[in-house]
K.L.:
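Sharing a structure here in structure tokens format.
No experiment lies behind these values; they were computed from the predicted model shown.
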Amino acid sequence: MRRILLLFAAVMFVAAAQAQGRADYEGELSAGGLVYRDNSFVMIETVHGRRFSPAFFWGGGVRMTYHGQSITSEEVRRKMNAAGLAGFADVRLYLTSDRRFCPYLNLQGGVQGVMEWPGGLDARNRFYVRPMVGGGLGCVHRRLVFGVYVAVNFESSEGCIKVGLRF
């Protein structure tokens with residue numbers, strides 16, 4: 001299973017690298033986050049690929065994440081931190097053909113490695129690698145990208161609001 005996922009990720013990155021020399025190349029660098037109650041989530045991602053038609057984009061990307069969570073109750077008081085690195089394929093369906101303003105739906109699939117370190121004296125660190133599936137809704141306005149992102153790596157989930165630049 002791991003070999004298949006690594007081969008799939010390698011094919012996605014090669015396809016994205018080949019698209020950079022063409023006129024239909026698109027890239028994106030975005031950052032996002034979400035803070036609510038005792039939880040915080042921050043992510044930075046870059047996606048590179050090719051727009052095959054006015055409505056279809058296919059590429060690959062890398063995302064770094066940080067998730068901090070504080071749990072406080074009468075019995076328990078602890079803090080859980082997690083940092084992740086994901087490599088993924090990105091498929092987008094643009095809803096309009098206008099490149100200056102175009103909303104889109106996207107789907108991502110790949111592999112994510114996560115390191116968790118809880119706060120506490122007797123706590124143990126944990127590292128795992130899992131398949132990851134994500135997606136969201138977004139919109140491109142000229143060079144500005146904004147949207148909502150949600151992903152699940154079959155061990156935990158994450159989501160945020162993101163803003164970025166398209167090039």
Side-chain angles (χ1 to χ4, degrees), residues 5 8-9 12-13 15-16 19 25-51 55-73 76-96 99-119 123 125-167:
L5 291 172
F8 182 70
M12 292 295 107
F13 287 117
Y25 161 78
E26 284 187 11
E28 175 185 319
L29 177 63
S30 58
L34 192 59
V35 177
Y36 56 97
R37 294 189 186 177
D38 294 333
N39 294 310
S40 61
F41 178 79
V42 179
M43 72 99 174
I44 298 172
E45 80 175 0
T46 183
V47 177
H48 304 273
R50 181 175 177 212
R51 202 168 201 183
F56 184 71
F57 169 88
W58 181 40
V62 175
R63 177 184 311 109
M64 294 185 307
T65 60
Y66 168 78
H67 185 197
Q69 178 181 20
S70 295
I71 300 171
T72 306
S73 67
V76 177
R77 176 177 277 181
R78 69 182 176 116
K79 182 158 177 76
M80 176 65 77
N81 298 299
L85 179 64
F88 54 89
D90 189 287
V91 176
R92 295 183 186 183
L93 177 63
Y94 288 98
L95 303 177
T96 66
R99 288 188 180 230
R100 291 174 295 168
F101 180 81
C102 44
Y104 64 85
L105 303 169
N106 82 315
L107 178 64
Q108 299 173 344
V111 179
Q112 183 176 34
V114 177
M115 175 70 171
E116 292 180 345
W117 64 96
N125 295 344
R126 186 173 155 219
F127 178 77
Y128 56 88
V129 177
R130 298 283 188 268
M132 182 269 308
V133 176
L137 302 169
C139 187
V140 176
H141 178 64
R142 299 185 187 226
R143 296 220 177 265
L144 182 65
V145 178
F146 51 95
V148 177
Y149 151 79
V150 177
V152 176
N153 68 15
F154 304 105
E155 186 85 18
S156 64
S157 61
E158 54 193 35
C160 71
I161 298 170
K162 68 177 188 173
V163 176
L165 293 174
R166 180 177 72 169
F167 44 90

K.L.:
Which heavy atom in Ser40 sits nearest to a heavy atom in Val35, and how many Å separate them?
P.N.:
CB-CG2, 4.2 Å
K.L.:
So, are Arg166 and Glu28 salt-bridged, with charged N and O less than 4.0 Å apart?
P.N.:
no
K.L.:
Measuring from atom CG of Asn81 to atom CH2 of Trp117, what distance do you get when rounded to the nearest 0.5 angstrom?
P.N.:
5.0 Å
K.L.:
Which atom names give the shortest non-hydrogen contact between Gly159 and Phe41, and what distance separates them?
P.N.:
O-CD2, 3.4 Å
K.L.:
Under the side chain to side chain contact (heavy atoms under 4.5 Å, CB included) test, which residues partner Ser157, sequence neighbours left out?
P.N.:
Val152
K.L.:
Run the side chain to side chain contact (heavy atoms under 4.5 Å, CB included) check on Phe167 and Leu29 step by step: do they pass?
P.N.:
CA-CA 8 Å; Phe167 44 90; Leu29 177 63; 4.0 Å; yes
K.L.:
Taking ring-ring contact (aromatic ring centres under 6.0 Å, His included) as the test, write out the residues that go with Tyr36, two or more places apart.
P.N.:
none
K.L.:
Keeping to residues at least two apart or across chains, list the salt bridge (charged side-chain N to carboxylate O under 4.0 Å, His left out) pairs with something in residues 109-118.
P.N.:
Glu116-Arg126
K.L.:
Compare all side-chain heavy atoms of Phe88 with those of Val111 and state whether any distance is below 4.5 angstrom.
P.N.:
no
K.L.:
For side chain to side chain contact (heavy atoms under 4.5 Å, CB included), just list the numbers for Phe127 and Val114, CA-CA rounded to whole Å, side-chain angles, deciding distance to a tenth of an Å, and then say yes or no.
P.N.:
CA-CA 6 Å; Phe127 178 77; Val114 177; 6.0 Å; no
K.L.:
Output all residues satisfying salt bridge (Lys or Arg N to Asp or Glu O under 4.0 Å) with Arg142, sequence neighbours left out; order by chain, then residue number.
P.N.:
none
K.L.:
According to ring-ring contact (aromatic ring centres under 6.0 Å, His included), who are the partners of Phe57, at least two apart in sequence or on a separate chain?
P.N.:
none
K.L.:
Assess whether side chain to side chain contact (heavy atoms under 4.5 Å, CB included) is satisfied between Glu26 and Arg51, documenting all intermediate values.
P.N.:
CA-CA 7 Å; Glu26 284 187 11; Arg51 202 168 201 183; 2.9 Å; yes
K.L.:
Between Cys102 and Thr96, is the side chain to side chain contact (heavy atoms under 4.5 Å, CB included) condition met? List the steps.
P.N.:
CA-CA 5 Å; Cys102 44; Thr96 66; 3.4 Å; yes
K.L.:
Do the side chains of Val129 and Gln112 get nearer than 4.5 Å, heavy atoms only?
P.N.:
no
K.L.:
How far does CE of Met132 sit from CG of Asn153, to the nearest 0.5 angstrom?
P.N.:
8.5 Å
K.L.:
Taking all non-hydrogen atoms of both residues into account, name the closest pair between Phe101 and Cys139 and its distance.
P.N.:
CE1-SG, 3.3 Å
K.L.:
Only counting residues at least two apart or in another chain, list the ones meeting side chain to side chain donor-acceptor pair (under 3.5 Å) with Thr46.
P.N.:
His48
K.L.:
Looking at side-chain heavy atoms only, is the closest gap between Val145 and Leu165 below 4.5 Å?
P.N.:
no
K.L.:
To check you understand the geometry: which heavy-atom pair defines the closest contact between Ser156 and Tyr128, and what is its length?
P.N.:
OG-OH, 3.5 Å
K.L.:
Taking only residues two or more places apart in sequence or in another chain, which ones pass side chain to side chain contact (heavy atoms under 4.5 Å, CB included) with Leu144?
P.N.:
Phe146, Val163
K.L.:
Name all residues meeting the ring-ring contact (aromatic ring centres under 6.0 Å, His included) criterion together with Tyr94; count only those two or more places apart in sequence or in a different chain, and write none if there are none.
P.N.:
Tyr104
K.L.:
Output all residues satisfying side chain to side chain contact (heavy atoms under 4.5 Å, CB included) with Phe56, sequence neighbours left out; order by chain, then residue number.
P.N.:
Phe52, Ser53, Trp58, Val91
K.L.:
Name all pairs fulfilling the side-chain hydrogen bond (donor to acceptor under 3.5 Å, both in side chains) condition that reach into residues 143-152, sequence neighbours left out, sorted by first residue then second.
P.N.:
Arg63-Tyr149, Tyr149-Glu158
K.L.:
Between Lys162 and Glu45, does at least one N-O distance fall below 4.0 Å, as a salt bridge requires?
P.N.:
yes
K.L.:
Using modelled atom types only, decide if a donor and an acceptor are shared between the side chain of Asn106 and the backbone of Gly136 within a distance under 3.5 Å.
P.N.:
yes
K.L.:
Report the residues that fulfil side chain to side chain contact (heavy atoms under 4.5 Å, CB included) with Leu85, sequence neighbours left out, ordered by chain and then residue number.
P.N.:
Val62, Met64
K.L.:
Quick one: does any side-chain atom of Thr65 pair with a main-chain N or O of Ile44 as donor and acceptor, under 3.5 Å?
P.N.:
no
